[in-house]
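Indexing begins at 1, ligand by ligand and atom by atom, following the structure's order.
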Amino acid sequence: MEKRQLMAKKIFIIEDEKDIRDLLEYYLKREGYEVQSAKDGDLGLQRIRKERFDLILLDLMLPQMDGLEVCRIIRSSPQTANLPIVMLTAKGEEADRIVGLEIGADDYITKPFSPREVVARIKALFRRMEKTKAGEEIHEYKGIILNLWRHEVSCQGEVHALTFKEFNLLEYFFKNKGRVLTRDILLNEVWGYDYFGTTRTVDVHVARLRQKLPALNNYLVAIKGMGYKLLEESAKKC
Ligand code: CA
């Protein structure tokens, strides 16, 4: 067994309110997690760059740099791009929640929360990640490996950082190989019925996927007047 698995999971909290920080630390330590924390984004990012953590608990409303910016920076660095992030948001921050999803937080907890709920959600996230390690929830296509619970895409051993939506779009293509997917279907299934975007959103995201994963170029094809199709596994390059 790998040494890390024997060690306690390390959680890092970025939260400016001391009471909440202390409360979370107390409950998470009681569950056997190793917990460290910072009171703002700058200090938090410094620590995350130096030390390896298993999960970040990130408050949205922080002084100076807000949680979304911290999340964006974590996602943009190759070393931390796949680090699980659980965001703490206050009620009524729906718009931020959506933006947060776009930049790739893994889960959300709305304030006010009970510490027990936080512990339960974190445990659930870790369990789902462990399942992935055990070989579940992994999809492979033409050398591209999609790991659903780590939200990780790799190709020939190289990990590619995708945004939440790019990842979900790729997942949807993987699960519907050989089917022509119209832009409307993709908008509804990947973005949801409530989304106000246009079909142009789909084109932009498909273009980004192709750019980030050139291996897709010959297999993710545009169907004129309709939408897109990911060719069947057995298909030859087009
Ligand atoms: Ca705060």
Next item on the list: Anything protein N, O or S sitting under 3.0 Å from the Ca ion (ligand 1): count it and give me the total.
Entry: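 Atoms of protein N, O or S type lying less than 3.0 Å from the Ca ion (ligand 1) total 3.
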
Margin query: Would Lys177 pass as a cation-pi partner of Phe174, given that its NZ or CZ must be under 6.0 Å from the six-membered ring centre and within 45 degrees of the axis?
Written below: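 Yes, Lys177 lies over the aromatic ring of Phe174.
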
Note to self: The criterion is side chain to side chain contact (heavy atoms under 4.5 Å, CB included); which residues satisfy it with Thr182, sequence neighbours excluded?
What the structure shows: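 Side chain to side chain contact (heavy atoms under 4.5 Å, CB included) check on Thr182 returns Asp184, Ile185.
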
Check: Looking at residues at least two apart in the chain, or sitting in another chain, which of them share a side chain to side chain contact (heavy atoms under 4.5 Å, CB included) with Ala215?
Finding: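 Only Ile144, Cys155 meet the side chain to side chain contact (heavy atoms under 4.5 Å, CB included) criterion with Ala215.
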
Margin query: Whether Asp59 and Lys111 form a salt bridge (side-chain N of Lys/Arg under 4.0 Å from carboxylate O of Asp/Glu) is what I want to check.
Written below: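 Asp59 and Lys111: salt-bridged.
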
Notebook entry, point to check: With no hydrogens and no angle check, do the side chains of Glu232 and Ser234 hold a donor and an acceptor under 3.5 Å apart?
Noted result: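 Distance-only check fails for Glu232 and Ser234.
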
Checklist line | Any pair counted as ring-ring contact (aromatic ring centres under 6.0 Å, His included), so long as it reaches residues 10-52, sequence neighbours left out | finding: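 Of all non-adjacent pairs touching residues 10-52, those that pass ring-ring contact (aromatic ring centres under 6.0 Å, His included) are Phe12-Phe53, Tyr33-Phe126.
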
